[in-house]
Amino acid sequence: MSYISDVLEQLNKNNPNEPEFIQATTEVLESIAPVVDANPRFQDWALLERLVEPERVNIFRIPWVDDAGKTHVNRAYRVQFNSAIGPYKGGIRFHPSVNLSIIKFLGFEQTFKNSLTGLPMGGGKGGCDFDPKGKSDTEIMRFCQSFMTSLYRIIGPRVDVPAGDIGVGAREVGYMYGQYKRITGVYEGVLTGKGLSYGGSLARTEATGYGLIYLTQEMLNDHNDSIEGKTIVVSGSGNVATYAIEKATQLGGKCVTASDSSGYVYDPDGIDLDVLKDVKQVRRARINEYVNARPNAKFHAGKRVWEVPCDIALPCATQNELDVNDAKELVKNGCKVVAEGANMPSTLEATKVFLENKLLFAPGKAANAGGVATSGLEMTQNTQGLSWSFEEVDTKLCGIMKNIYGNMADAAKEYNAKDNFVVGANAAGFLKVADAMMAQGII
Ligand code: NDP
């Protein structure tokens with residue numbers, strides 16, 4: 001049996017109740033076989049065994065009191081996955097579905113994503129099974145303060161730098177930052193995604209969605225095509241989806257859908273961003289309210305966007321939101337490009353369908369790396385005590401996304417898998433981490 005299948009077999013035995021983590025590790029390990037085969041020392045030094053085991057897993061309780069005086073307890077995680085190339089870096093997710101498997105898969109993916117950005121950041125991820133929906137602002141604040149009261153002991157600007165993710169945006173980062181400062185008495189860049197008035201970076205809010213579109217445009221340009229005139233289907237209506245729609249529209253694409261967990265809206269005239277932002281960012285309402293202001297738009301309750309014919313599909317909501325049947329339907333309806341704004345939104349079987357049908361498929365760890373890359377730029381600005389202009393950050397972001405595309409395309413060619421960007425992104429991300437781990441010895 002090969003080294004990779006041995007490691008995967010043991011991984012399945014060790015983590016029987018962690019399907020998302022097994023899915024993410026299987027995808028990476030199977031795709032880097034040619035790189036591993038070419039380096040026998042990896043096996044001698046148990047590199048893959050170490051790569052799939054987090055350096056540290058923290059699990060802690062979050063007690064908090066709601067507005068009615070009732071006490072609640074949630075379970076929180078911070079997985080410090082890999083620090084070979086820099087301090088742990090990765091977001092915090094608040095969603096009722098959060099569990100150890102999900103946080104471990106996200107931390108594992110983050111390790112390769114951060115490596116792809118070219119910046120010195122290791123991989124980590126955190127979260128809590130807290131549901132922010134329907135909570136008052138003061139409940140959110142008390143929850144965030146309690147969360148940080150436990151988290152502050154294990155993070156720091158040179159140790160572990162969290163950021164936002166699903167359910168954690170500027171408001172939550174602000175409350176957490178305030179509590180960190182209050183407890184430690186230190187004003188330092190311990191979180192990214194901060195507000196502009198206290199050390200945040202311009203363009204961080206837009207970065208993941210904009211970055212997704214910069215990489216998609218670069219991939220299309222490399223194939224003598226562009227976003228202009230394309231019909232685009234987008235899932236989600238949060239941070240990533242909103243700014244992906246904004247940039248794609250600026251580049252001449254027409255985004256016709258947005259969704260949340262209640263269903264999706266189809267707008268034949270193209271999603272109106274002012275209306276979407278009002279519904280989602282200002283009023284924090286459900287997506288069906290979008291159609292009140294857009295008479296031509298229709299709401300489809302409980303449905304997924306993938307049934308809508310398109311040229312380009314951008315999954316920007318959550319993991320495993322696009323399965324094998326969705327993938328087949330997209331292909332049947334003529335979709336030619338899929339770029340993942342969310343983390344692992346396509347199942348392993350869906351990804352296979354895209355690759356077999358020769359779609360241009362950009363996996364999340366490359367396509368959505370613009371957010372963490374710009375967090376890296378925020379860390380640099382904090383260290384230097386500077387704040388760069390929007391244009392400066394946006395230009396750097398665009399350059400980083402073009403580089404990521406170039407590196408994954410080159411790696412795909414080098415391993416005889418031209419245009420297979422799953423192989424390309426995994427191989428390129430892996431090599432730097434592997435090199436650093438080997439250089440630092442068996443630790
Ligand atoms: P937000 O919380 O801003 O938005 C999440 C969106 O996805 C909402 O529309 C939400 O709908 C929907 N969603 C979440 N969970 C589910 C679910 N189980 N079923 C259906 N819809 C769901 O999060 P982000 O936009 O920040 O994150 C979206 C994705 O992008 C995630 O996979 C995240 O890990 C990834 N990502 C985010 C980055 C960032 O910078 N923010 C960076 C890189 C990746 P509802 O409100 O109904 O739950």
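As the structure is a computational prediction, the values presented were derived from the model and not from experiment. When a ligand or atom number is given, it counts from 1 through the structure's own listing order. The figures here come from the full heavy-atom set of this structure, side chains too, leaving out hydrogens, waters and symmetry mates. Nothing fancy with the numbering, it's 1 onward along the sequence.
At a cut-off of 3.5 Å, with distance as the only test, a side-chain donor of Asp67 or Thr138 sits close to an acceptor on the other residue.
Enumerated by chain and number, the residues approaching ligand 1 to less than 4.0 Å through a heavy atom are Arg93, His95, Lys113, Lys133, Asp165, Ile166, Gly167, Arg204, Thr208, Gly236, Ser237, Gly238, Asn239, Val240, Ser259, Asp260, Ser261, Arg286, Cys316, Ala317, Thr318, Gly341, Ala342, Asn343, Asn368.
Residues Asp260 and Lys280 meet the side-chain proximity criterion, which asks for heavy atoms closer than 4.5 Å.
Applying the salt bridge (Lys or Arg N to Asp or Glu O under 4.0 Å) test to every pair with at least one member in residues 145-163, sequence neighbours left out, gives these pairs: Arg78-Asp160.
The aromatic rings of Phe94 and Phe143 sit perpendicular, their planes meeting at an angle over 60°, well past the 30° parallel limit.
With sequence neighbours left out, Phe361 forms a ring-ring contact (aromatic ring centres under 6.0 Å, His included) with Phe354. Scanning for side-chain contact (heavy atoms from CB on, under 4.5 Å) contacts around Ala428 gives Leu116, Ala411, with sequence neighbours left out.
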